[in-house]
There are 2 protein chains.
Amino acid sequence: MEKLGLRERKKQRTRQALIEAAVRLFDDRGYDQVTVAEIADAAEVSPRTFFLHFQTKEDVLLANADVRVDLALQVIAERHAGEPLSEVLVRAMDRMIADAWDRDLSSGLAALRARLAASVPALQTRLLQRYLSAQAELAQALQRAFPARLDAITASALVGAMVGAVSAAALTALERGDGPDEARDAMRQAMALVARSVA
Amino acid sequence: MEKLGLRERKKQRTRQALIEAAVRLFDDRGYDQVTVAEIADAAEVSPRTFFLHFQTKEDVLLANADVRVDLALQVIAERHAGEPLSEVLVRAMDRMIADAWDRDLSSGLAALRARLAASVPALQTRLLQRYLSAQAELAQALQRAFPARLDAITASALVGAMVGAVSAAALTALERGDGPDEARDAMRQAMALVARSVA
DNA sequence: ATGTATTGTTACAGTGACTGTAGCGATTGA
DNA sequence: TCAATCGCTACAGTCACTGTAACAATACAT
């Protein structure tokens with residue numbers, strides 16, 4: 001399983017050093033007050049190397065926060081015959097939230113990430129983008145799963161409402177200083193609100 | 001009503017020239033292939049002037065968004081006593097949609113924006129940021145207007161669902177080649193879908 | 001009308017994110 | 001041990017964006 005060669009191990013070490021240097025510096029002085037050059041310097045690599053590992057300055061903080069769209073698609077694919085639309089949709093969203101949550105918590109950087117995401121718009125947006133990029137895909141899968149109930153517009157609107165509600169609720173919770181559990185409850189509450197309009 | 005002085009009129013003319021130059025250039029050559037310096041040059045102003053009118057290069061394409069939020073806030077502020085939440089919300093959204101149709105959809109600007117946003121990450125990001133701040137403002141106003149019915153989370157979720165649904169529907173309509181009228185109908189349909197969950 | 005304050009615009013000089021490229025040196029596989 | 005690979009570096013460059021001082025046209029007072 002861990003068959004990484006020496007070269008690859010060194011690469012990962014560099015990557016990790018960049019992440020840790022960035023987190024420490026961001027924590028100390030704030031996101032905007034830290035330049036990429038300084039991060040690279042603290043990690044003892046050249047500035048160019050930073051961008052060989054991360055596409056943007058923001059990405060160094062979201063390195064392990066991938067959203068698994070395929071999980072939601074899987075839920076839709078594996079639905080039981082005759083299962084109501086609202087239940088499938090709720091379960092799919094819940095699955096995505098749970099997965100993203102686990103990764104964030106296990107990374108150990110969840111607190112800093114939440115704090116920075118709440119205060120730096122660029123990070124806020126970048127996080128939400130991961131959910132939004134899944135939107136069209138989800139809508140399409142949902143429409144194919146319920147062709148009799150949903151046209152393309154309705155499917156898009158439904159998924160858009162879900163993602164929009166959950167994202168907005170999560171952000172509001174984070175911004176007012178809620179902890180992880182409360183934020184998660186807020187997301188579920190938002191989900192339930194939209195789910196009512198399907199039934 | 002139009003009591004603008006000469007100075008202010010010139011300013012607006014400069015602003016409009018920048019917008020039109022930008023739209024034309026973006027349409028011709030694509031977003032990334034146009035520099036701010038070129039836009040300023042085409043509008044016959046200095047590059048510095050561009051940033052006195054728009055915070056970022058992306059903002060020149062989102063010039064009318066602020067006006068729209070103001071319209072919705074106005075609807076909320078001018079509600080009749082005892083008017084149901086669902087009606088106020090629907091009217092506020094409807095007002096924004098109508099304005100969007102007037103300004104952006106009918107002119108084809110919305111279609112260009114959707115096309116560019118789909119392919120340019122920076123534009124996507126900025127658009128999202130605008131939506132987020134607009135949503136937060138709306139949610140706050142809505143909660144203050146209906147403090148007995150809405151907590152902060154529910155208000156955010158509600159507005160997020162509305163905006164998310166309407167945006168997704170509009171995008172889907174535009175992407176499949178619908179005209180301005182069909183796009184507007186799609187937005188209204190999405191709005192009605194979410195509105196059901198309030199009642 | 002005339003002087004004064006305001007302000008939209010400008011030129012200039014920066015900072016910092018991000019990219020292309022060529023070369024070096026350490027791993028890798030044969 | 002030879003050759004190919006590849007992560008990294010240095011260097012030079014583009015471009016979005018900002019601070020600042022100055023200018024000239026407008027606005028406003030007297």
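The sequence lines fix the lettering, A, B, ..., with proteins before strands; numbering per chain opens at 1. Side chains are part of it too, since the values below use all heavy atoms of this structure and drop only hydrogens, waters and symmetry mates.
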Q: Residues two or more places apart in sequence or in another chain: which of them pass salt bridge (charged side-chain N to carboxylate O under 4.0 Å, His left out) with D102(B)?
A: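 So D102(B) forms no salt bridge (charged side-chain N to carboxylate O under 4.0 Å, His left out) with any residue.
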Q: Specify the separation, in whole Å, of atom CD of Q12(A) and atom P of dG7(D).
A: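 Rounding to the nearest Å, CD of Q12(A) and P of dG7(D) are 10 Å apart.
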Q: So M96(A) and V75(A), do their side chains get closer than 4.5 Å, heavy atoms only?
A: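 They are not in contact (no side-chain heavy atoms under 4.5 Å apart), so the answer is no.
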Q: Looking at residues at least two apart in the chain, or sitting in another chain, which of them share a side-chain contact (heavy atoms from CB on, under 4.5 Å) with E8(A)?
A: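 Checked E8(A) against side-chain contact (heavy atoms from CB on, under 4.5 Å); matches are L4(A), K11(A), Q12(A).
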Q: Between dT19(C) atom C1' and K57(A) atom NZ, what is the distance in whole Å?
A: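 So the NZ-C1' distance, K57(A) to dT19(C), works out to 18 Å.
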Q: If we ignore angles and hydrogens, is there a donor and acceptor under 3.5 Å between the side chains of S156(B) and Q135(B)?
A: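 No, no side-chain donor-acceptor pair sits under 3.5 Å.
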Q: Summarise how protein sits on nucleotides 22-30 of chain C as a single string, 5' to 3': B when a protein heavy atom is under 4.0 Å from the base, S for sugar-phosphate-only contact, - for no contact.
A: ----BBS--
Q: Nearest whole angstrom, please: distance from the P of dC6(D) to the CZ of R13(A).
A: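 Distance check: R13(A) CZ to dC6(D) P gives 19 Å.
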Q: So if I take residues 118-129 of chain B and measure heavy-atom distances to DNA chain C, which residues fall below 4.0 Å?
A: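 When residues 118-129 of chain B is checked for heavy atoms under 4.0 Å from DNA chain C, there are no hits whatsoever.
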Q: In whole Å, I'd like the distance from the CG atom of D32(B) to the P atom of dA17(C).
A: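 Between P of dA17(C) and CG of D32(B): 19 Å.
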Q: Pairs in or reaching into residues 181-190 of chain A: which pass salt bridge (Lys or Arg N to Asp or Glu O under 4.0 Å), with residues at least two apart or in two chains?
A: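 Of all non-adjacent pairs touching residues 181-190 of chain A, those that pass salt bridge (Lys or Arg N to Asp or Glu O under 4.0 Å) are D94(A)-R188(A).
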Q: Go through it in stages, so that I can follow the logic: the residues are L73(A) and E137(A), the test is side-chain contact (heavy atoms from CB on, under 4.5 Å), and I'd like the CA-CA distance, side-chain angles, deciding distance and then a yes or no.
A: CA-CA 8 Å; L73(A) 294 177; E137(A) 225 175 322; 3.6 Å; yes
Q: Would you please confirm or rule out a distance under 4.0 Å between OP1 or OP2 of dT9(C) and any side-chain N or O of H53(B)?
A: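 For dT9(C), OP1 or OP2 has a side-chain N or O of H53(B) closer than 4.0 Å.
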Q: Can you name the atoms? Protein N/O to nucleotides 9-12 of chain D N/O, anything below 3.5 Å, with the distance.
A:
from, atom 1, to, atom 2, distance (Å)
dT9(D), OP1, S46(A), N, 3.3
dT9(D), OP2, S46(A), N, 2.7
dT9(D), OP2, S46(A), OG, 3.2
dT9(D), OP2, T49(A), OG1, 2.1

Q: Could you tell me which residues satisfy side-chain contact (heavy atoms from CB on, under 4.5 Å) with V90(A), sequence neighbours excluded, listed by chain and number?
A: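 With neighbours one apart ignored, the set is M162(A), M191(A), A195(A).
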Q: Both K11(A) and F51(B) contact DNA chain D. Which one's nearest nucleotide lies toward the 5' end?
A: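 Taking each residue's closest nucleotide, the earlier one in sequence belongs to K11(A).
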Q: May I have the distance from F50(B) (atom CZ) to dC17(D) (atom P), rounded to whole angstrom?
A: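 In whole Å, dC17(D) P lies 8 Å from F50(B) CZ.
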Q: Only pairs under 3.5 Å count here: list side-chain donor-acceptor contacts from residues 14-22 of chain A, not counting sequence neighbours, and write none if there are none.
A:
from, atom 1, to, atom 2, distance (Å)
T14(A), OG1, K10(A), O, 3.1

Q: Side chain of R95(B), backbone of A72(B): donor and acceptor closer than 3.5 Å?
A: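 Checking the backbone N and O of A72(B) against the side chain of R95(B), no donor-acceptor pair under 3.5 Å is found.
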Q: So, does T14(B) get its side chain near the phosphate of dT9(C), meaning an N or O under 4.0 Å from OP1 or OP2?
A: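 Yes, within the criterion.
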Q: Keeping E87(A) on the side-chain end and P84(A) on the backbone end, is there a donor-acceptor pair under 3.5 Å?
A: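 Judged by distance alone, no pair lies under 3.5 Å.
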Q: Can you tell me which residue pairs pass the side chain to side chain donor-acceptor pair (under 3.5 Å) test with a partner in residues 105-114 of chain B, sequence neighbours excluded?
A: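 Found D104(B)-R113(B).
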Q: Taking atom P of dG7(D) as reference, at what distance in whole Å does atom CG of L18(A) sit?
A: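 The answer, rounded to whole Å, is 14 Å.
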Q: Are any non-hydrogen side-chain atoms of V60(B) and F26(B) less than 4.5 angstrom apart?
A: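 Yes. Closest side-chain heavy atoms under 4.5 Å.
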Q: Are any non-hydrogen side-chain atoms of L62(B) and Q129(B) less than 4.5 angstrom apart?
A: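 With C-beta onward as the side chain, the pair stays apart.
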Q: Please list, by residue number, the residues of residues 34-41 of chain A whose heavy atoms come closer than 4.0 Å to an atom of DNA chain C; answer none if no residue qualifies.
A: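 Contacts with DNA chain C under 4.0 Å: V34(A), T35(A), V36(A).
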Q: What integer distance in Å separates L25(B):CG from dC15(D):C1'?
A: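 The distance from CG of L25(B) to C1' of dC15(D) comes to 16 Å, rounded to the nearest Å.
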Q: If I take atom CZ from residue R149(A) and atom OG1 from residue T154(A), how far apart are they, to the nearest 0.5 angstrom?
A: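 With rounding to 0.5 Å, CZ (R149(A)) is 9.5 Å from OG1 (T154(A)).
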Q: Can you give me the bend angle of the helix from dA1(C)-dT30(D) to dA30(C)-dT1(D)? Use the axis through the first five pairs and the one through the last five, nearest 10 degrees.
A: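 About 20°, once rounded to a multiple of 10°.
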Q: Which residue pairs satisfy the salt bridge (Lys or Arg N to Asp or Glu O under 4.0 Å) criterion with at least one member in residues 50-63 of chain B, sequence neighbours excluded?
A: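 Qualifying pairs, neighbours excluded: D59(B)-R126(B), D59(B)-R130(B).
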Q: Could you give the CD-to-P distance, from Q16(B) to dG8(C), as a whole number of Å?
A: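 It is 17 Å, rounded to the nearest whole Å.
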Q: Any side-chain heavy-atom pair from D178(B) and T172(B) closer than 4.5 angstrom?
A: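 Sidechains of T172(B) and D178(B): no contact.
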